[in-house]
Amino acid sequence: MNNGRSLLLPAIIAGVAVGAVTGTFFPDTGVKAEFIGGLFLDLLKMMVIPLVMVSITLGVMKMRDFKSVGLKTVLYYAVTTAVSVTIGIFVVSLIQPGGSPEILGTMTDEMRSAAAMKVEGKNAGAEEILKSMVTPNVFMSATEFQILPLIVFSLLFGLALSRLGVKEAEPLERVLTALDGAIMKIVHWVIALTPVGVACIIAARVGKAGGGDALFSMAAGIAKYMLAVIAGLGIHGLIVLPIVLFLFARRNPVAYVRHMSKALLTAFSTASSSATLPLTMSGAIEEAKVSPRVGNFVLPLGATVNMDGTALYEAVAVIFIAQVYAVPLDSTALVIIFLTATLAAIGAAGIPEAGLVTMVIVLSSVGLPLEGIGLLLSVDWLLDRFRTTVNVWGDSVGAAVVDRTSGGV
């Protein structure tokens, strides 16, 4: 088993390389591989809802100090998300990627039309976000892959079970423990397919972009914008979060990255925190030895509401659009962007096309044209992979921090 695990990481790296080469030089073949990549994603997503509901219910049920752990988790999420937005605002203001008005000339009528279709009817405010946390039908939310209300239900169910007497709750605890073990066994089987799935996903995405030449020409058009996003994500993911991990969890960041490497590579390949959740939990709990009780609570919650990378991206993208349209942003506007990007990233989990909706929220808050999203559509799929990787890394660091500060509960 250990030998299989040691071979999995280089196999995933090889899968990324094979996918990139195939999509670049054989784009038609890459597009045809999308079917296999889709099957792999569906296998991962198939495990998410049972994994979330069982692990959170069991974790809360067993947790002796839930109030303290929950408070530390929320505090970590809020502080790191706010820091990431601050970094994004600083980097985009420093680099000024939208300082050349001629960028607007690169936005074709098709891009404007696509942006209009994307944002049509996609506005959402605090009321909609709060409504998305509660469901009138748990089973319908499960079939529609609405994770946030399922998390709320699982938290309440776990709390209720923890308040029952030991005699009443013990039979269900044994059932949930067995279910948790069976689910993780299936997760291990799915994880073994990761190299093939990753190769097909990357090949299809690069192939659909038109191969290597189209990819490079597309990136060249708004290279400074991409640089600003990646630089901000790099500062947060490679400097801020490792410092937090070392200071508050007393963990070696290099060793911890090694434990989480499969999850991080899969996050980059799939651009989905939820789809990556099975690998994130496996890496943190089984390899990094985070307490199962903490990991089962912090990681499913983080995959839904802790979006450091997304929040940073929203701030950079909105200020970039303001620069392109030559709309000056005073300190008040920057504060509004800071607040809305932070809160929208936390609350967008239960909303379809969450990244797009949060972008609309932040743009609307400072009166910027929504059609500016059209400038970003051509490279958003690529940047999405970087921000998702930072999201998953932030969740992983949070699990270690809460575990250490809570004594492993």
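Keep in mind that the numbers below use all heavy atoms, side chains included, and drop hydrogens, waters and symmetry copies. Numbers here simply count residues along the sequence, with the first being 1.
To the nearest 0.5 Å, atom CG of residue L44 and atom OG of residue S274 are 11.0 Å apart. Here the straight-line distance linking atom CZ of F320 with atom OG of S93 works out to 13.5 Å at 0.5 Å rounding. For the atom pair CD1 (I337) and CD1 (I89), the distance works out to 6.5 Å, reported to the nearest 0.5 Å. To the nearest 0.5 Å, atoms CE (M260) and OG1 (T389) are separated by 11.5 Å. Distance CG/N306 to CG/L301: 8.5 Å, rounded to 0.5 Å. Distance check: N391 CG to T276 OG1 gives 10.0 Å after rounding to the nearest 0.5 Å.
In this structure a side-chain-to-backbone donor-acceptor pair under 3.5 Å is missing from D403 to A399. Judged by distance alone, the side chain of R385 and the main-chain N or O of A271 form no donor-acceptor pair under 3.5 Å. Listed for the S282 side chain is no donor-acceptor partner under 3.5 Å among the backbone atoms of L279. Of the possible polar contacts, none joining the Y225 side chain to the G98 backbone as a donor-acceptor pair under 3.5 Å is found. Judged purely by atom type and a 3.5 angstrom limit, Y76 uses its side chain to pair as donor or acceptor with the backbone of G398.
Looking only at side-chain heavy atoms (C-beta outward), V152 and L156 come within less than 4.5 Å of each other. Contact check for F153 versus T57: no side-chain heavy atoms found under the 4.5 Å cut-off. Proximity of W393 to L264: side-chain heavy atoms (C-beta onward) are separated by under 4.5 Å at one or more points. At least one side-chain heavy atom of P278 sits under 4.5 Å from a side-chain heavy atom of L51. With contacts defined as side-chain heavy-atom distances shorter than 4.5 Å, the pair I230/L383 qualifies. Looking at L161 and L176, their side chains come closer than 4.5 Å, going by heavy atoms from C-beta outward. The shortest side-chain heavy-atom distance between V138 and M53 falls under the 4.5 Å cut-off. Contact of the I243 side chain with the I239 side chain is registered, since non-hydrogen atoms from C-beta on lie closer than 4.5 Å.
Remark: F26 CZ is loosely packed, at most 12 non-hydrogen atoms of other residues, nucleotides or ligands lying under 6.0 Å away. Annotation for M140: atom CE does not count as buried by contact number, only 12 or fewer foreign heavy atoms lying within 6.0 Å.
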Does the pair V196 and F40 meet the rule for a side chain to side chain contact (heavy atoms under 4.5 Å, CB included), with working shown? CA-CA 8 Å; V196 176; F40 172 68; over 6 Å; no
For side chain to side chain contact (heavy atoms under 4.5 Å, CB included), just list the numbers for L233 and R387, CA-CA rounded to whole Å, side-chain angles, deciding distance to a tenth of an Å, and then say yes or no. CA-CA 7 Å; L233 293 172; R387 64 181 185 256; 4.1 Å; yes
Can you check side chain to side chain contact (heavy atoms under 4.5 Å, CB included) on N296 and I285, steps first, answer last? CA-CA 8 Å; N296 285 340; I285 295 172; 3.5 Å; yes
Given L382 and M226, is the side chain to side chain contact (heavy atoms under 4.5 Å, CB included) satisfied, shown in steps? CA-CA 9 Å; L382 180 58; M226 295 181 69; 3.6 Å; yes
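The minimum heavy-atom distance linking I95 with A228 is given by the pair CD1-CA, 3.7 Å. Considering all non-hydrogen atoms of both residues, V92 and P97 come closest at O-CD, 3.5 Å. Across all their heavy atoms, L312 and G232 have their closest contact at CD1-O, 3.4 Å. E173 approaches M61 most closely through the heavy-atom pair CB-CE, 3.5 Å.
For the side-chain hydrogen bond (donor to acceptor under 3.5 Å, both in side chains) criterion with T81, the lone passing option out of T342, D308, T86 is D308.
A cation-pi arrangement is not found for R251 relative to Y256, the charged atom failing to lie both closer than 6.0 Å to the ring centre and inside a 45° cone about the ring normal.
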